[in-house]
Amino acid sequence: MLKKEKESKKLFIKVPKGTQDILPEDTPKWYYIKNIIREILTKYGYQEIRTPSFEYTELFVRGIGESTDIVTKEMFTFPDRKGRSLTLRPEGTAPVVRAYLENKMDRSSQVVKLFYIGPMFRCEKPQAGRFRQFNQFGIEVIGTKSPVVDVEVIIAALEIYKKLGLKNLEILINSVGCKRCRAIYVQKLKEFIKDKKDFLCSECVNRYEKNPLRILDCKKDNCQKIIKTAPIITDYLCQECKQHFKEVKSYLNDLKIKYYVEPRLVRGLDYYTKTSFEIVSGELGAQNAIGGGGRYDDLVEELGGKPTPAVGFAAGIERMIIVMNQQKIGWPKNKGLDIFVAKVSERNKNIAFKLLQKIRNAGLSADMDYSAKSLKSQMRIAHKIGAKYTMIIGEEEISKNMVTLRNMKTKEQKEVEVDNLINELEKGSLG
RNA sequence: GUGGGCGUAGCUCAGACUGGUUAGAGCCCUGGAAUGUGGCUCCAGAGGUCGGGGGUUCGAAUCCCCUCGCUCACCCCA
């Protein structure tokens with residue numbers, strides 16, 4: 001017996017690493033946040049799209065980029081029964097573009113504005129603000145190269161943050177150019193670094209061949225020193241990219257939105273072109289990005305469509321919640337129960353249950369205790385769960401075909417006829 | 001993948017450095033305080049083989065080794 005218990009304790013299964021339960025005390029927060037996201041994005045003309053939680057692996061390999069960290073070491077990939085490779089989505093943009101093409105949305109209208117909310121999966125080592133399953137909301141505007149849209153995406157995100165009450169967010173912005181000018185810049189960068197390679201850290205030496213732009217992001221002191229004097233991409237943008245970046249900045253200025261140009265901002269997804277930005281918070285620890293995005297003018301074509309410019313943004317909801325908690329921002333709490341039904345003795349439980357159901361049918365929330373607890377205990381429960389009223393059913397009341405209704409706040413209570421109960425409640429006993 | 005920190009009651013932790021009688025506190029939980037009423041207070045009670053395994057020792061929560069888990073950082077990102 002004791003041995004069994006011991007063994008069963010060992011067999012407790014825990015949540016997988018990097019995942020978490022959202023408990024009832026927190027679900028209202030999620031409702032609240034998701035509602036605000038939907039409300040504001042709808043206002044901006046975005047429509048919600050829901051894509052599957054997994055896709056064929058190839059979508060992400062082609063979309064995000066073969067050599068990216070996400071694809072090389074962070075994906076949950078598994079074969080289906082026929083051996084086709086599937087992957088839990090690590091991000092939302094590639095699936096949305098896939099759905100856009102698959103459902104011929106390119107034919108139905110000029111510009112398609114979509115948003116999504118849902119879980120993403122990355123098999124990384126968890127730490128502060130980083131999980132293996134996390135939720136993102138994201139927006140995608142497909143079908144226009146106008147820089148106005150880059151800005152709209154940013155301000156839509158900012159409005160959501162603002163509505164939630166998040167403070168002290170910073171916007172970092174950069175342009176990573178297009179295919180052509182980026183290639184030229186990368187060449188310049190490599191030339192600059194070539195004779196300084198020996199002073200770089202071992203990882204950056206690797207990056208030199210694979211993805212030289214990442215060297216800009218290295219935080220090691222030595223690399224920083226070298227990078228400091230390196231050419232910056234914004235000096236090598238082609239005419240079109242330069243003009244685009246200029247317009248984006250000028251719209252931001254017009255709207256009096258504060259931002260920092262960060263020429264070394266390079267994001268880890270290969271599809272970005274031109275505008276690339278990040279929204280960061282000091283309250284997040286090392287993982288300070290609360291959201292990020294940019295333009296991806298080549299992705300639609302990359303995934304088999306016609307050349308179609310697009311821009312998007314994605315934000316981590318868990319990180320938003322972390323910042324909300326840090327900044328002690330409140331959110332609507334669970335609504336208490338309208339009525340708790342308390343029975344004086346077990347003999348009354350059938351009547352109590354019938355009345356309980358009657359109240360529920362009238363559209364009010366109601367509950368009772370199903371074990372044989374004392375009236376005192378039942379009152380305690382009613383108090384603890386925040387019931388507005390407690391309905392007490394005892395022999396005295398039953399003999400008169402009445403119940404006692406107690407207002408938990410004012411502590412006033414009165415007897416009410418059962419036949420008149422719903423009327424009484426609707427009439428305003430509940431305010 | 002590489003490093004640091006931490007695992008003692010449901011929760012927050014003390015005890016560990018300087019091994020030694022039944023391992024503690026607060027909160028929470030359960031029951032009770034003139035018989036049918038919440039909070040506070042008071043009383044009583046439940047709850048841990050100290051993450052797991054091995055070793056040293058007369059004796060281990062405490063020292064050593066292994067292992068698992070959590071956490072933070074690097075990396076990368078939301």
Side-chain angles (χ1 to χ4, degrees), chain A residues 2-3 5-7 9-18 20 64 67-75 89-93 117-138 157 201-204 206-207 211 214 217-220 223 265-269 278-281 284-293 313-323 340 342-345 348 371 373-398 404-413:
Chain A
L2 213 73
K3 222 179 213 174
E5 278 172 19
K6 198 175 165 186
E7 273 165 20
K9 200 169 180 180
K10 262 186 190 171
L11 290 175
F12 265 134
I13 296 168
K14 299 199 274 191
V15 280
K17 198 189 200 40
Q20 60 195 136
I64 301 169
S67 67
T68 57
D69 282 358
I70 292 178
V71 169
T72 55
K73 52 188 187 193
E74 294 171 7
M75 296 204 302
R89 62 177 181 194
E91 61 101 48
T93 300
I117 306 176
M120 305 295 162
F121 309 85
R122 291 184 200 170
C123 192
E124 298 180 82
K125 207 158 172 183
Q127 66 186 67
R130 196 169 78 182
F131 311 95
R132 290 186 169 183
Q133 174 175 344
F134 58 99
N135 287 273
Q136 284 189 332
F137 80 87
C201 69
S202 60
E203 288 196 56
C204 281
N206 266 332
R207 291 178 178 133
N211 201 339
R214 286 288 167 65
D217 243 0
C218 189
K219 275 143 198 154
K220 302 234 164 63
C223 302
L265 176 71
V266 176
R267 315 208 72 242
L269 296 92
E278 223 164 70
I279 299 176
V280 300
S281 164
L284 280 173
Q287 317 304 317
N288 66 351
I290 195 169
F313 170 83
I317 298 178
E318 283 82 356
R319 288 189 185 175
M320 288 158 61
I321 290 174
I322 291 170
V323 175
F340 188 85
K343 61 220 177 304
V344 171
S345 96
N348 315 132
S371 56
K373 286 203 196 314
S374 67
L375 182 60
K376 194 188 191 104
S377 302
Q378 293 177 73
M379 292 299 290
R380 261 200 277 262
I381 293 168
H383 177 82
K384 205 180 332 179
I385 63 181
K388 294 192 191 84
Y389 279 78
T390 299
M391 198 175 92
I392 299 165
I393 301 169
E395 310 295 342
E396 284 173 33
E397 287 87 347
I398 290 171
T404 297
L405 209 55
R406 178 179 175 88
N407 183 319
M408 295 301 276
K409 202 168 182 183
T410 64
K411 301 189 177 186
E412 289 164 32
Q413 62 185 51

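Heavy-atom basis, side chains included; hydrogens, waters and symmetry copies ignored.
- With C1' as the reference atom, U22(B) and C17(B) are 26 Å apart, rounded to whole Å.
- Taking Glu396(A) as the reference, nothing meets the salt bridge (charged side-chain N to carboxylate O under 4.0 Å, His left out) condition, with sequence neighbours excluded.
- Between Met408(A) atom CE and U37(B) atom P there is a gap of 13 Å when expressed in whole angstrom units.
- Annotation: G5(B) and C66(B) have their P atoms spaced 14 Å apart (nearest Å).
- If you take atom C1' in U2(B) and the same atom in C11(B), they sit 34 Å apart, rounded to whole Å.
- Residues that satisfy the side chain to side chain contact (heavy atoms under 4.5 Å, CB included) test with Ala382(A), not counting sequence neighbours, are Phe340(A), Ala387(A), Thr390(A), Met408(A).
- Residue Ile279(A) comes nearest to Phe313(A) through the heavy atom pair CD1-CE1, 3.9 Å, listed as atom of the first residue, atom of the second, then distance.
- Of all nucleotides present, none satisfies the Watson-Crick or G-U wobble test against A16(B) with each distance under 3.5 Å.
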Under 3.5 Å between N/O atoms: give me all the protein pairs with nucleotides 34-36 of chain B, atom names plus distance.
| unit_1 | atom_1 | unit_2 | atom_2 | d |
| --- | --- | --- | --- | --- |
| G36(B) | O6 | Glu396(A) | N | 3.2 |
| G36(B) | O6 | Glu396(A) | OE1 | 3.4 |
| G36(B) | O6 | Glu396(A) | OE2 | 3.1 |
| G36(B) | N1 | Glu397(A) | OE1 | 2.9 |
| G36(B) | N1 | Glu397(A) | OE2 | 3.2 |
| G36(B) | N2 | Glu397(A) | OE2 | 2.8 |

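- The nearest heavy atom of RNA chain B to Ile317(A) and to Lys373(A) marks one nucleotide each, and the one closer to the 5' end goes with Lys373(A).
- Nucleotide G39(B) is matched to nothing when pairs are restricted to Watson-Crick or G-U wobble geometry with both distances under 3.5 angstrom.
- Taking atom CG of residue Leu284(A) and atom C1' of nucleotide A78(B), one finds them 9 Å apart after rounding to whole Å.
- Taking atom P on both nucleotides, A61(B) is separated from G51(B) by 10 Å, rounded to a whole Å.
- The side chain to side chain donor-acceptor pair (under 3.5 Å) search around Thr68(A) returns none, not counting sequence neighbours.
- Pairing partner, C50(B): none, since no Watson-Crick or wobble contact has both distances short of 3.5 Å.
- Taking atom C1' on both A9(B) and U49(B), the two are 13 Å apart, rounded to the nearest angstrom.
- Each of C74(B), C76(B), U37(B) was ranked by its minimum atom distance to the side chain of Gln127(A); first place goes to C74(B).
- For Glu278(A), the side chain to side chain donor-acceptor pair (under 3.5 Å) partners two or more places apart in sequence, or in a different chain, are Arg267(A).
- Using N1 to N3 plus N6-O4 or O6-N4 for Watson-Crick, or N1-O2 and O6-N3 for G-U wobble, each under 3.5 Å, C63(B) pairs with G55(B).
- Here the separation of A46(B) from G26(B), taken at their P atoms, is 15 Å to the nearest Å.
- The closest side-chain heavy-atom distance from Met379(A) to Arg406(A) is below 4.5 Å.
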Please enumerate all protein N or O atoms sitting under 3.5 Å from an N or O of nucleotides 39-42 of chain B, with distances to 0.1 Å.
none

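- In this entry G69(B) has C6(B) as its Watson-Crick or G-U wobble partner, both defining distances falling under 3.5 Å.
- Across the P atoms, C6(B) and U57(B) are found 28 Å apart, a figure rounded to whole Å.
- Not a single donor-acceptor contact under 3.5 angstrom links the side-chain atoms of Lys125(A) to the base of U71(B).
- Comparing Lys409(A) and Gly316(A), the nucleotide of RNA chain B nearest to each residue sits closer to the 5' end for Lys409(A).
- Note on Asn288(A): a base of the nucleic acid sits closer than 4.0 angstrom, heavy atoms only.
- Between the side chain of Arg319(A) and the main chain of Ile290(A), no donor-acceptor pair closer than 3.5 Å is present.
- With sequence neighbours left out, Ser374(A) forms a side chain to side chain donor-acceptor pair (under 3.5 Å) with Ser377(A).
- A gap of 12 Å separates the P atoms of G15(B) and C63(B), to the nearest Å.
- Under the rule for a side chain to side chain contact (heavy atoms under 4.5 Å, CB included), the partners of Ile322(A) that lie at least two apart in sequence or sit in another chain are Leu284(A), Gln326(A).
- Look at U22(B): it lacks any Watson-Crick or wobble partner with both distances under 3.5 angstrom.
- Annotation: side chain to side chain donor-acceptor pair (under 3.5 Å) contacts of Asp69(A) (sequence neighbours excluded): none.
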Short N/O separations, protein against nucleotides 68-70 of chain B, under 3.5 angstrom:
| unit_1 | atom_1 | unit_2 | atom_2 | d |
| --- | --- | --- | --- | --- |
| G69(B) | O2' | Lys14(A) | NZ | 3.2 |
| C70(B) | OP2 | Lys17(A) | NZ | 3.0 |

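- In this structure, CD of Glu412(A) is placed 15 Å from C1' of U37(B), rounded to the nearest angstrom.
- The closest side-chain donor-acceptor pair between Thr404(A) and Gln413(A), if any, does not fall under 3.5 angstrom.
- Looking at heavy-atom distances under 4.0 Å, Gly138(A) makes no contact with the nucleic acid at all.
- Across every strand in view, A44(B) sits in a pair with U30(B) that passes the Watson-Crick or G-U test at under 3.5 angstrom.
- Scanning atom types as modelled, no donor and acceptor separated by under 3.5 angstrom connect the side chain of Glu74(A) and the base of C76(B).
- Under a 3.5 Å cut-off, the side chain of Arg122(A) and the backbone N or O of Lys73(A) do not form any donor-acceptor pair.
- Nucleic acid contact class of Ala382(A) (heavy atoms, under 4.0 Å, all strands): none.
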Between side-chain atoms of residues 126-134 of chain A and protein atoms elsewhere (two or more places apart, or another chain), which donor-acceptor pairs fall under 3.5 Å?
| unit_1 | atom_1 | unit_2 | atom_2 | d |
| --- | --- | --- | --- | --- |
| Arg130(A) | NE | Lys125(A) | O | 3.0 |
| Arg130(A) | NH1 | Glu124(A) | OE1 | 3.4 |
| Arg130(A) | NH2 | Lys125(A) | O | 2.4 |
| Arg132(A) | NE | Glu124(A) | O | 2.6 |
| Arg132(A) | NH2 | Glu124(A) | O | 3.2 |

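- Going from atom CD of Glu124(A) over to atom P of C75(B) covers 13 Å, rounded to whole Å.
- Within 4.0 Å of Thr390(A), counting heavy atoms only, lies no atom of the nucleic acid at all.
- Checked against side chain to side chain contact (heavy atoms under 4.5 Å, CB included), Val344(A) has the following partners two or more places apart in sequence or in another chain: Asn348(A), Leu375(A), Ile392(A).
- Pair check for C74(B) finds G1(B); Watson-Crick or G-U wobble, both atom distances under 3.5 Å.
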